[in-house]
Amino acid sequence: MPIKSTNITFPILLYGQRLLRIGLQGDISDPRAKSFLYVLDILPRLKKLPAYILLENVKGFESSEAREALIGTLQKCGYVYQEFLLSPTCLGIPNSRLRYFLIAKLQTEPFAFTISNTILEEFPSQHSIDPGRRRVFHCSENNPQAGADQKNPSCPLSGTDHGPEKTFLYKLETAQELERKQGQDNDASVRMLQDFLEMSVEEMSQYFLPPKSLLRYALILDIVRPTCRRSTCFTKGYGHYVEGTGSVLQTATDVEIDSVYNSLELLNEEEKLAKLSSLKMRYFTPREIANLHGFPETFGFPEEVTTKQRYRLLGNSLNVHIVSSLISLLLQSP
């Protein structure tokens, strides 16, 4: 709804909007950008500006026309700001969800840290992070060498035969992708997925991948185990679509993934399905994804919200720990 008066005051303005379409790059011409551009238009005309601003967007926003318009408006209104590209892995959470963030405050109240003209890929000070989540370093998803000197044999990857010269790739992934995943799984500063899983779930069978999906998408699944320290970004299509929507969990931890995928293409359909089914792969439950996003145990959905709707809502959500840490940065005094 349009703002009718410029007398409205906001102590803090929070804004999150998807302004970029993957592949299409709609930018400011995207119809979804109208509300964002309206905020930029109304902001300089407010009699009392918001003391604080926090904005979130997808990666790619940092090189968009919309971002240039945002920065110009903030400078015109007298804000100081800092930009970030952050993922939950920066806080030791085993989920890649790289997002653009911006925090801004009026120049009358400087930040408690030295701002930079560059986009930060880490929190500027460990003192800005709540003690229970204190961890500061470059996001491991952008740093494949993180933890490279450690090994996590309990979380094998496709084609992992210890050493580039012995590596064979039977899934549709490059050697670079394999190396990145190995680095993530060997990073002991990131917690294991098992810390975020549900111990008992009624009707768990609904989350197991159906035979059709196993046969069709076997070579592109991102498979993780409870002992892994990574998972890909869960999108709103998770649970309904398979390709590129998030990792799947191998629950048969006594089965080696290599033994299943090796020479899989030589088997007939029935044999192939038997092999793949032995891994007992399932989707993460909505509650488990909520755990990775940092939602408290008390969080829940109304019973009438379907599983598909829950996945859609969580796919459009934010990581609570990342946002709370950024708000802490905003509110800190020098």
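Owing to the predicted nature of the structure, the values given are computational and were not obtained by experimental measurement. We're numbering straight along the sequence, starting at 1.
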Visitor: Can you check whether Leu193 reaches Cys228 side chain to side chain, under 4.5 Å on heavy atoms?
Guide: yes
Visitor: Are the side chain of Arg282 and the backbone of Leu209 linked by a donor-acceptor contact shorter than 3.5 Å?
Guide: no
Visitor: For side chain to side chain contact (heavy atoms under 4.5 Å, CB included), just list the numbers for Leu37 and Asp41, CA-CA rounded to whole Å, side-chain angles, deciding distance to a tenth of an Å, and then say yes or no.
Guide: CA-CA 6 Å; Leu37 297 175; Asp41 176 66; over 6 Å; no
Visitor: Does Leu313 offer a backbone N or O that forms a donor-acceptor pair with the side chain of Ser317 under 3.5 Å?
Guide: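 Such a contact is absent between Ser317 side chain and Leu313 backbone.
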Visitor: Do Ser324 side-chain atoms and His321 backbone N/O form a donor-acceptor pair below 3.5 Å?
Guide: yes
Visitor: Quick one: OG1 on Thr227 to CG on Asp195, what's the gap to the nearest 0.5 Å?
Guide: 11.0 Å
Visitor: Heavy atoms only: give me the nearest Asn319-Gly294 pair and the separation to one decimal.
Guide: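 Looking at all heavy atoms of both residues, the shortest contact is ND2-N, 4.4 Å.
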Visitor: Would you say Leu221 and Val242 make side-chain contact, with heavy atoms under 4.5 Å?
Guide: yes
Visitor: Any sub-3.5 Å donor-acceptor pair from Gln250's side-chain atoms to Ala252's backbone N or O?
Guide: yes
Visitor: For residues 211-219, tabulate all N or O donor-acceptor pairs below 3.5 Å that involve a side-chain atom, not counting sequence neighbours.
Guide:
none

Visitor: Check step by step if side chain to side chain contact (heavy atoms under 4.5 Å, CB included) holds for Lys105 and Val80.
Guide: CA-CA 6 Å; Lys105 61 170 61 177; Val80 290; 3.8 Å; yes
Visitor: Rounded to the nearest 0.5 Å, what's the gap from CD1 on Ile103 to OH on Tyr52? Could you check?
Guide: 11.0 Å
Visitor: Are side-chain heavy atoms of Thr89 and Ser96 found at a separation under 4.5 Å?
Guide: yes
Visitor: Measure the shortest side-chain to side-chain distance between Arg229 and Arg191 over non-hydrogen atoms and say whether it is less than 4.5 angstrom.
Guide: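 Counting from C-beta outward, Arg229 and Arg191 never come under 4.5 Å.
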Visitor: Checking Leu70 against Phe36 for the side chain to side chain contact (heavy atoms under 4.5 Å, CB included) test, could you report, in this order, the C-alpha distance in whole Å, the side-chain angles of both residues, the deciding distance, and whether it holds?
Guide: CA-CA 9 Å; Leu70 168 67; Phe36 175 77; 3.8 Å; yes
Visitor: Is any side-chain heavy atom of Phe101 closer than 4.5 Å to one of Ser325?
Guide: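 In short, these two side chains do not touch, never coming nearer than 4.5 Å.
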Visitor: Can you hop from Tyr241 to Tyr207 via hydrophobic side chains spaced under 4.5 Å?
Guide: no
Visitor: Hey, are the side chains of Leu85 and Arg99 touching, using non-hydrogen atoms and a 4.5 Å cut-off?
Guide: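 They are not in side-chain contact.
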Visitor: Please answer whether the main-chain N or O of Thr235 pairs with a side-chain N or O of Thr245 as donor and acceptor at a distance below 3.5 Å.
Guide: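 Checked: no pair found.
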Visitor: At their closest point, which heavy atom of Asn291 faces which heavy atom of Phe196, and how far apart are they?
Guide: ND2-O, 3.0 Å
Visitor: Could you point out which residue of Phe208, Phe234, Tyr238 forms a side-chain contact (heavy atoms from CB on, under 4.5 Å) with Tyr283?
Guide: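 For Tyr283, the side-chain contact (heavy atoms from CB on, under 4.5 Å) check succeeds only for Tyr238.
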Visitor: Answer yes or no: is there a donor N or O on one side and an acceptor on the other, between the side chain of Asp222 and the main chain of Ser247, under 3.5 Å?
Guide: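 No, the answer is negative, given that no donor and acceptor are paired below the 3.5 Å cut-off.
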Visitor: Do Leu318 and His293 touch side chain to side chain, with heavy atoms closer than 4.5 Å?
Guide: no
Visitor: Tell me if the NZ atom of Lys236 is crowded by more than 12 foreign heavy atoms within 6.0 Å.
Guide: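 No, the 6.0 Å shell around NZ holds no more than 12 heavy atoms from other groups.
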Visitor: Between CG of Asp187 and CD of Gln182, what distance do you get to the nearest 0.5 Å?
Guide: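 CD of Gln182 is found 13.5 Å from CG of Asp187.
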Visitor: Could you check whether any side-chain N or O of Glu271 sits under 3.5 Å from a backbone N or O of Asn268, counting only pairs where one atom can act as donor and the other as acceptor?
Guide: yes
Visitor: Using modelled atom types and a 3.5 Å cut-off, is there a donor and acceptor pairing between side-chain atoms of Glu62 and backbone atoms of Glu83?
Guide: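 Side chain of Glu62 to backbone of Glu83: no pair is present.
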Visitor: Going from CG on Asn95 to CZ on Arg230, what distance comes out if it is rounded to the nearest 0.5 angstrom?
Guide: 11.5 Å
Visitor: Rounded to the nearest 0.5 Å, what separates atom CG in Leu74 from atom NZ in Lys76?
Guide: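 Between Leu74 CG and Lys76 NZ, I get 12.0 Å after rounding to 0.5 Å.
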Visitor: Quick check: closest heavy atoms across Ile53 and Tyr79, and the distance to 0.1 Å?
Guide: CD1-CZ, 3.7 Å
Visitor: Please report the shortest heavy-atom distance between Lys275 and Leu264, naming the atom on each side.
Guide: CB-CD1, 4.1 Å
Visitor: Please walk me through it: do Phe113 and Leu329 pass side chain to side chain contact (heavy atoms under 4.5 Å, CB included)?
Guide: CA-CA 9 Å; Phe113 61 92; Leu329 272 181; 3.9 Å; yes
Visitor: Are any of the side-chain heavy atoms of Gln82 and Leu120 separated by less than 4.5 Å?
Guide: yes
Visitor: Is it the case that the side chain of Gln309 and the backbone of Thr306 share a donor-acceptor pair, with hydrogens and angles ignored and the cut-off at 3.5 Å?
Guide: yes
Visitor: Tell me if the CD atom of Glu68 is crowded by more than 12 foreign heavy atoms within 6.0 Å.
Guide: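 More than 12 within 6.0 Å, yes.
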Visitor: Please check if the side chain of Glu288 supplies one atom and the backbone of Thr285 the other of a donor-acceptor pair under 3.5 Å.
Guide: yes
Visitor: Give a yes or no on whether the ring-centroid distance for Phe61 and Tyr100 is below 6.0 angstrom.
Guide: yes
Visitor: Of all heavy-atom pairs between Pro226 and Leu197, which one has the smallest distance, and what is that distance?
Guide: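 Minimum heavy-atom separation between Pro226 and Leu197: CB-CD1, 3.9 Å.
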Visitor: Take atom CZ of Arg67 as the centre, draw a 6.0 Å sphere, and report whether it contains more than 12 heavy atoms from other residues, nucleotides or ligands.
Guide: yes
Visitor: Closest heavy-atom contact between Ile71 and Leu102?
Guide: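 Nearest pair, atom of Ile71 first, then Leu102: CD1-CD1, 3.8 Å.
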Visitor: Calculate, to the nearest 0.5 Å, the distance between atoms CZ and CD1 belonging to Arg97 and Ile93 respectively.
Guide: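 Separation between the atoms: 11.5 Å.
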Visitor: Residues two or more places apart in sequence or in another chain: which of them pass ring pair (Phe, Tyr, Trp, His ring centres under 6.0 Å) with Phe295?
Guide: Phe299
